[in-house]
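These notes are about the structure you will find just below.
For reference, positions follow the sequence shown, starting with 1.
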Amino acid sequence: MTSAETPIVRILEPDGSFAPTPEAEPLREIVEALDESALEQMYRDMAVTRAFDQQATMLQRQGQLALWPPSLGQEAAQVGSARAARSQDTIFPSYREHAVARVRGVDPVSILALMRSATHGGWDPTDPKNGNTRLYTLVLGTQVPHATGFAMGLNFDGRTGSGDAEKDEAVVVYYGDGAASEGDVHEAMVFAASYSTPELFFLQNNQWAISVPVATQAAGPLANRSAGYGIPTLRIDGNDVLASYAASRMYLDEARAGGGPRAIEAVTYRMGAHTTSDDPTKYRTKAEEESWARRDPIARMRAFLENRGAGSEFFADVDQEGEALAADVRTRIAEWPDPDPASMFAHVYSEPHALMEQQAAWLAEYEASFEGGAA
């Protein structure tokens, strides 16, 4: 079956009209249960994250960050799934899940500090304020077996499948179409299917693995890969925040209740560069980019809310919040202190290790050899 023939779950059309596809009908009740406040919050999440993302890109161009991976265009897939997760769930991001991290409580400046090379992780994943969000990983696909191992542990520890939706836990792991071709992802799915893990594999198919198009990576829809392991899978319009929310909420509830792993392929588009070291004009056409720009997830949700009566005051308030966040992170990242060089040895091993002590001592001696006591 070709990608064009594969059924896709969509709630909102690109013009913002409410028109569920036949595949989305089972999710209608989940969407209709959302009140106006929840719907407006999703728009706010997307728009404010985009303001942060655009500010981060400018900071990198100004030399304040070593690198930046934009999330432009992928806000709906991220916000919908993040809002669908419950507070007790654990999130395993890749390196572009800025909206997910923000929704879960991570301070956005912590992401900037990581990309500034001023921290070794960004934030403490064990701190409750960070919403059980694990650290970013720039090594393609490694977070997927990590997530599956964690989900296996939830089963072993009896922390899921009890029938108590307020207590049972699940895992969400994010990865892209490039990572979907990595062995790590497939090995994780083998274990997930075999051990019936409470886990949602959330694939953001943004059409490009750096400069390699998805058509080169796979002969058919990427959703077929997870389905091939016997994992129930949905293919959704990743630029539709309501489809992302409803599909993720349904699948996470099923996984938490003991139904085993679930998978979603969110068909979206990376409107920006892969990272700020990339030039997408070398491999993408302007026509392609313009075609996807007409499916912008934020414009789609705005039109939907306007049709429901949202006024200009609401959208002005959201814009003001985005501008305030951009100004705040711009100020705070410039004030972020450089890390102590010795901190690089702190968490290599869980216990003190002689090799780390030797290397730390060598570094201290080396630094002291320079005038002023620092290299």
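Judged by distance alone, with hydrogens and angles left aside, the side-chain atoms of Ser244 form no donor-acceptor pair with the main-chain N or O of Gly238 at under 3.5 Å. Proximity of a side-chain donor or acceptor of Arg300 to a complementary backbone N or O of Val241 within less than 3.5 Å is not detected. Remark: the backbone N or O of Tyr283 is not paired with any side-chain donor or acceptor of Trp208 at under 3.5 angstrom. A donor-acceptor pair is defined here as one N or O able to donate and one able to accept, closer than 3.5 Å; no such pair exists between the side chain of Ser81 and the backbone of Ser248. Between the side chain of Asn307 and the backbone N or O of Ala303, at least one donor-acceptor pair lies under 3.5 Å. With hydrogens and angles disregarded, no donor-acceptor distance shorter than 3.5 Å links the side chain of Glu182 to the backbone of Gly141. In this structure, the side chain of Gln88 engages the main chain of Ala165 through a donor-acceptor pair within 3.5 Å. For the pair Thr160 (side chain) and Glu169 (backbone), a donor-acceptor distance under 3.5 Å is present. With hydrogens and angles ignored, the 3.5 Å screen pairs a side-chain donor or acceptor of His186 with a backbone N or O of Ala180. Side chain of Arg96 to main chain of Ser71: no donor-acceptor pair is present (N/O by atom type, distance under 3.5 Å, no hydrogens or angles).
Remark: Phe345 CZ is packed, more than 12 non-hydrogen atoms of other residues, nucleotides or ligands lying under 6.0 Å away. Within a 6.0 Å sphere centred on OH of Tyr229, other residues, nucleotides and ligands contribute more than 12 heavy atoms. Taking a 6.0 Å sphere around CD of Glu365, one finds it holds 12 or fewer heavy atoms contributed by other residues, nucleotides or ligands. For CD of Glu25, the number of neighbouring non-hydrogen atoms (other residues, nucleotides, ligands) closer than 6.0 Å is greater than 12.
With hydrogens and angles left out, the side-chain atoms of Gln64 and Arg116 include a donor and acceptor closer than 3.5 Å. When only modelled atom types and interatomic distance are considered, Thr148 and Glu199 share a side-chain donor-acceptor pair under 3.5 Å. In the model, Asn239 has a side-chain atom that pairs as donor or acceptor with a side-chain atom of Thr268 under 3.5 Å. Remark: the Thr275 side chain and the Tyr95 side chain contain no N/O donor-acceptor pair separated by less than 3.5 Å. The closest side-chain donor-acceptor pair between Asp15 and Ser17 falls under 3.5 angstrom. Side-chain atoms of Arg225 and Thr233 include no donor-acceptor pair closer than 3.5 Å.
Residues Ile111 and Leu138 are members of one and the same hydrophobic cluster, defined by side-chain heavy-atom contacts under 4.5 angstrom among Ile, Leu, Val, Met, Phe, Trp and Tyr. Linking Ile, Leu, Val, Met, Phe, Trp and Tyr whenever their side-chain heavy atoms come within less than 4.5 Å leaves Leu72 and Trp68 in two separate clusters. Each of Leu140 and Val173 belongs to its own hydrophobic cluster when Ile, Leu, Val, Met, Phe, Trp and Tyr are linked at side-chain heavy-atom distances under 4.5 angstrom. By the rule that hydrophobic residues join a cluster once side-chain heavy atoms approach within less than 4.5 Å of another member, Phe52 and Leu65 end up as members of one cluster. Cluster annotation: Ile236 and Leu222 are assigned to distinct hydrophobic clusters (Ile/Leu/Val/Met/Phe/Trp/Tyr, side-chain heavy-atom contacts under 4.5 Å, transitive).
Aromatic pair Phe304/Tyr43: centroids not less than 6.0 angstrom apart.
With rounding to the nearest 0.5 angstrom, the CE atom of Met356 is 13.0 Å from the NE2 atom of His347. For the atom pair NE2 of His353 and CD of Gln358, the computed distance is 9.0 Å after rounding to the nearest 0.5 Å. Separating the OH atom in Tyr251 from the CG atom in Leu234 is a distance of 3.5 Å, to the nearest 0.5 Å. With rounding to the nearest 0.5 angstrom, the CG atom of Asp296 is 13.0 Å from the CE atom of Met301. Between the CD1 atom of Ile91 and the CG atom of Asn130 there is a distance of 12.0 Å, given to the nearest 0.5 Å. Atom-to-atom distance recorded for Asp177:CG and Gln217:CD is 4.5 Å, nearest 0.5 angstrom.
Summarising the geometry of Ala56 relative to Leu112, their closest heavy-atom pair is CB-CD2, 3.6 Å, with the distance given to 0.1 Å. For Leu67 against Ser277, the heavy-atom pair with the smallest separation is CD1-OG, 4.0 Å. Ala85 and Leu252 make their closest contact through CA-CD1, 3.7 Å (heavy atoms, listed as atom of the first residue, atom of the second, distance). When all heavy atoms of Asp278 and Ile210 are compared, the closest pair comes out as OD1-CG2, 4.4 Å. Scanning all heavy atoms of the two residues, the minimum distance from Arg235 to Pro221 falls at NE-CB, 3.7 Å.
When side chains are defined from C-beta on, Phe314 counts as touching Leu305, because their heavy atoms get closer than 4.5 Å. Contact of the Ile11 side chain with the Asp240 side chain is registered, since non-hydrogen atoms from C-beta on lie closer than 4.5 Å. A 4.5 Å side-chain heavy-atom check between Arg83 and Gln41 finds at least one atom pair inside the cut-off. In this structure, Asp89 and Asn132 have side chains that are not in contact, with every pair of non-hydrogen atoms separated by 4.5 Å or more. Put simply, the side chain of Gln143 reaches to within 4.5 Å of the side chain of Ser94, judged on heavy atoms. The shortest distance between side-chain heavy atoms of Pro93 and Tyr136 falls below 4.5 Å. No side-chain heavy atom of Phe92 sits under 4.5 Å from any side-chain heavy atom of Tyr175. At least one side-chain heavy atom of Gln204 sits less than 4.5 Å from a side-chain heavy atom of Tyr174.
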Check: When you look at Arg102 and Val48, which way does the side chain to side chain contact (heavy atoms under 4.5 Å, CB included) test go after all the steps?
Finding: CA-CA 10 Å; Arg102 183 175 173 276; Val48 173; 3.3 Å; yes
Notebook entry, point to check: Can you list the steps and then say if Glu289 with Lys286 is a salt bridge (charged side-chain N to carboxylate O under 4.0 Å, His left out)?
Noted result: CA-CA 5 Å; Glu289 293 179 344; Lys286 185 176 181 181; over 6 Å; no
Next item on the list: Output, in order, the C-alpha distance, side-chain angles, deciding distance and verdict of side chain to side chain contact (heavy atoms under 4.5 Å, CB included) for Asp107 and Trp123.
Entry: CA-CA 8 Å; Asp107 183 350; Trp123 58 90; over 6 Å; no
Item checked: Step-by-step salt bridge (charged side-chain N to carboxylate O under 4.0 Å, His left out) determination, Asp53 to Arg50 -> CA-CA 5 Å; Asp53 181 42; Arg50 181 171 291 188; over 6 Å; no
Next item on the list: Before giving the answer on salt bridge (charged side-chain N to carboxylate O under 4.0 Å, His left out), spell out for Glu306 and Arg302 the whole-Å C-alpha distance, their side-chain angles and the decisive distance to 0.1 Å.
Entry: CA-CA 6 Å; Glu306 287 176 334; Arg302 177 170 181 144; 3.1 Å; yes
Next item on the list: List the steps, then state whether side chain to side chain contact (heavy atoms under 4.5 Å, CB included) holds for Leu242 with Leu34.
Entry: CA-CA 10 Å; Leu242 298 185; Leu34 292 167; 4.1 Å; yes
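Salt bridge status for Arg44 with Asp317: present, with a side-chain N to carboxylate O gap under 4.0 Å. The residues Arg86 and Asp168 are annotated as not salt-bridged, no charged nitrogen and carboxylate oxygen being separated by less than 4.0 angstrom.
A cation-pi arrangement is not found for Arg295 relative to Tyr269, the charged atom failing to lie both closer than 6.0 Å to the ring centre and inside a 45° cone about the ring normal.
Taking the six-membered ring where the residue is Trp, Trp362 and Tyr366 present parallel rings, their angle staying beneath 30° rather than reaching 60°.
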